[in-house]
Structure formats: structure tokens, C-alpha cells
Amino acid sequence: MPLSIATWNINSVRLRIGLVEQFLKLHSPDILCLQETKCPNDQFPSKPLKALGYEYIVMHGQKGYHGVATISRLPLTELVERRDYCGVGDARHVSVVFRHGGKSIRLHNFYVPAGGDEPDRTINPKFGHKLDFIEEMKLLHADAEAGISSILVGDLNIAPLEHDVWSHKQLLKIVSHTPVEVDGLMEVMTRGAWVDLMRRKIPADQKLYTWWSYRAQDWAKADRGRRLDHIWSSADLDPHLSEITVLREARGWERPSDHVPVMATFDL
DNA sequence: ATGGTTGGACGCCAA
């Protein structure tokens with residue numbers, strides 16, 4: 001049985017609900033995880049999503065900032081969690097559990113803090129917050145619950161590998177690719193026994209980006225991207241991964257997000 | 001070396 005899971009930092013779900021509908025019509029993932037919805041729960045545009053068959057919507061929103069939502073055409077169980085990483089009240093995580101092909105799967109949807117511009121926590125509290133958030137993520141294990149497989153997706157705001165950025169050397173002091181962040185994220189992955197599914201299909205020596213800045217004159221021509229969005233899983237799902245799709249073309253859609261959708265397809 | 005753009009809420013912060 002095929003299963004497809006997509007993740008997309010939408011940068012305002014109300015502004016870009018049309019693009020979400022377009023993506024769902026074109027690629028029809030079973031579940032889509034959105035980040036940076038910037039939308040209170042009571043203003044979430046559920047109606048057009050339900051009309052497309054996505055009847056199960058779990059939100060963790062707040063006014064103006066952050067916000068995540070998981071929208072599904074597969075039934076979701078009652079086992080929903082919204083964790084307050086760093087205890088600051090930000091809406092940056094939601095997880096759901098669903099059943100598919102005889103497996104129970106917990107799906108974590110994360111929006112990790114961007115961390116500001118200065119990669120020094122003594123002068124930039126936002127960078128400190130990001131490091132603390134990553135530290136707390138190290139406690140999250142892919143095998144945390146007996147009998148439940150795990151998938152972790154989202155905008156992790158870190159590009160860990162050399163070819164996850166357009167220039168490793170030029171980005172070493174740029175927040176998202178500094179060694180302290182990269183080491184932290186790799187530690188989250190190894191301690192939690194997570195598998196980086198995107199790099200299981202696209203070798204680490206190939207450039208791979210999911211985000212291109214709004215500030216470039218011609219994003220496609222410059223192609224100065226970063227892989228900030230990720231799909232991880234517990235080891236048991238790895239052999240069932242059939243396909244990874246990074247929808248680069250979505251960066252060229254009308255009034256786009258600066259992130260593009262990433263989709264994993266499994267055969268379970 | 002610098003500045004470039006976008007969104008939300010309301011002059012400016014976050015990304």
C-alpha cells in the first residue's frame with residue numbers, strides 16, 4: 001500500500017491557500033504538514049482542504065507568528081501532541097498518529113526557530129533559543145513508543161551537509177549552516193536513531209535545496225539555495241521508502257513561499 | 001562587503 005507524506009513551509013496559509021490547493025490537486029499526498037501558517041486556529045482555512053478530501057486537520061497555530069498544521073485524508077487517532085519546546089509558548093510542533101498498511105505511525109511536524117542573523121548566543125538570544133530547541137529535540141527518539149513507527153518532517157532551519165547549501169565555505173558563519181547547529185542536528189538524528197530519508201534517495205554529493213531566498217533577483221539563475229526542510233523516519237520505514245520528490249518548480253509559482261514542498265512516498 | 005524581499009500587524013520585527 002502506497003503512503004505519501006509531504007512537508008511545506010507555506011509562509012502564511014491564508015495568503016497561499018490557493019497554492020496549497022494547487023499542490024494537493026497535482027500531487028495528492030495522503031498527509032501534508034504545513035509550517036509557518038501564521039494563523040490562529042479559529043481562522044484556519046479548513047473548508048477548501050476538506051472539499052479536496054482532507055477531512056482530518058490538526059492545528060497548532062498562533063497569531064502572527066510560527067504555527068504548524070497537519071492535514072490528512074487518512075483518519076488520525078486521538079493521540080495528538082502539541083509540545084511546547086523551550087517552554088516559551090510558541091506553536092512550533094504538532095504530532096499525530098495514524099494507521100496504514102498494518103502499521104501505526106507517529107508523524108511529528110516541526111518548525112524550528114530560524115535563529116536570527118548573528119550566530120552567537122551571547123549577543124543574539126534568538127540563536128540561543130534555536131540551540132536550546134535543538135538540544136531538547138535530542139530527547140526525541142524514533143522508537144519512543146512500542147509498536148509505533150515514526151516520521152519527523154518540517155522546516156528544521158538547518159542545512160547539515162556540505163551539499164545542502166550552495167557554498168559550504170561561504171555559509172560556515174551563516175545561521176543555518178554553522179558547525180554548532182549542524183553538529184546539534186546530527187546529534188538529534190543519531191541519538192534519536194532517525195534516518196535522513198531525502199539523502200537515502202539523493203546522494204550526499206549532489207546539491208539539494210528546498211529553500212531559496214526572496215532577496216535574490218533571479219532565484220533560479222543564482223540557485224543559491226539551502227536544504228532547510230527535512231523528512232526523517234525510524235529505521236523500520238527506511239526499506240519501504242520508494243520515492244522522494246522536491247517540488248522545485250513550486251518556487252516559481254505565482255506569489256510563492258520561499259520554501260518548496262518535499263514529499264516522501266512509501267510502499268507499506 | 002553589502003543589500004537585497006516578504007508577511008503580519010500597524011511602524012517594525014521576524015524570516
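Just so it is clear: chains get the letters A, B, ... in the order the sequence lines come, proteins before strands, and each one is counted from 1. These numbers come from the heavy atoms of this one structure, side chains and all, not from hydrogens, waters or symmetry mates.
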N/O donor to acceptor pairs below 3.5 angstrom from side-chain atoms of residues 19-28 of chain A, sequence neighbours left out:
none

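Between A/His240 and A/Phe266, the distance separating the two ring centers is not shorter than 6.0 angstrom.
With rounding to whole Å, A/Lys130 atom NZ is found 13 Å from B/dA14 atom C1'. As rounded to whole Å, 12 Å separates atom C1' of B/dG8 from atom CZ of A/Arg255. Between A/Asp258 atom CG and B/dA14 atom P there is a gap of 17 Å when expressed in whole angstrom units. Between A/Lys173 atom NZ and B/dA1 atom C1' there is a gap of 14 Å when expressed in whole angstrom units. If you take CD1 of A/Ile174 and C1' of B/dA1, they are 12 Å apart, rounded to a whole angstrom. Whole-Å rounding puts the A/Leu19 CG to B/dG7 C1' distance at 14 Å. For A/Leu15 and B/dA15, the CG to C1' distance is 15 Å, given to the nearest whole Å. In this structure, A/Tyr111 atom OH and B/dA14 atom P are separated by 12 Å, rounded to whole Å.
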Return the polar atom pairs (N/O with N/O) between nucleotides 2-4 of chain B and the protein under 3.5 Å, or none.
unit_1 : atom_1 : unit_2   : atom_2 : d
B/dG4  : O6     : A/Arg215 : NH1    : 3.0
B/dG4  : N1     : A/Arg215 : NH1    : 3.3

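Comparing A/Pro256 and A/Asn9 along DNA chain B, the residue whose closest nucleotide (by nearest heavy atom) sits nearer the 5' end is A/Pro256.
Taking atom C1' on both B/dA15 and B/dG3, the two are 15 Å apart, rounded to the nearest angstrom. Across the C1' atoms, B/dA1 and B/dC12 are found 25 Å apart, a figure rounded to whole Å. With both ends at atom P, the span from B/dC10 to B/dA14 equals 14 Å, rounded to whole Å.
Note on A/Lys207 versus A/Asp223: no salt bridge recorded, every NZ/NE/NH1/NH2 to OD/OE distance being 4.0 Å or above.
Side-chain N/O atoms of A/Arg14 include none lying less than 4.0 angstrom from OP1 or OP2 on B/dG7. The side chain of A/Lys63 contributes no N or O atom lying less than 4.0 Å from OP1 or OP2 of B/dG8.
Ring planes of A/Trp232 and A/Trp194: tilted class, angle from 30 to 60°.
Within residues 32-45 of chain A, the residues having any heavy atom closer than 4.0 Å to DNA chain B are, in order of number, A/Glu36, A/Lys38.
Considering only residues two or more places apart in sequence or on other chains, A/Asp267 meets the side-chain contact (heavy atoms from CB on, under 4.5 Å) condition with none of them. Qualifying side-chain contact (heavy atoms from CB on, under 4.5 Å) partners for A/Ala114, counting only residues two or more places apart in sequence or in other chains: A/Asn157.
Residue pairs meeting the side chain to side chain donor-acceptor pair (under 3.5 Å) criterion with at least one partner in residues 47-64 of chain A, sequence neighbours excluded, are absent.
A/His66 comes within contact range of the sugar-phosphate backbone alone, with a heavy-atom separation under 4.0 Å but no base atom that close.
Other residues, nucleotides and ligands contribute only 12 or fewer heavy atoms inside 6.0 Å of the CZ atom of A/Arg200.
The two atoms that bring A/Pro160 and A/His230 nearest to each other are CD-CE1, 3.5 Å, heavy atoms only.
In this structure the side chain of A/Ile244 reaches within 4.5 angstrom of the side chain of A/Ile202, judged on heavy atoms.
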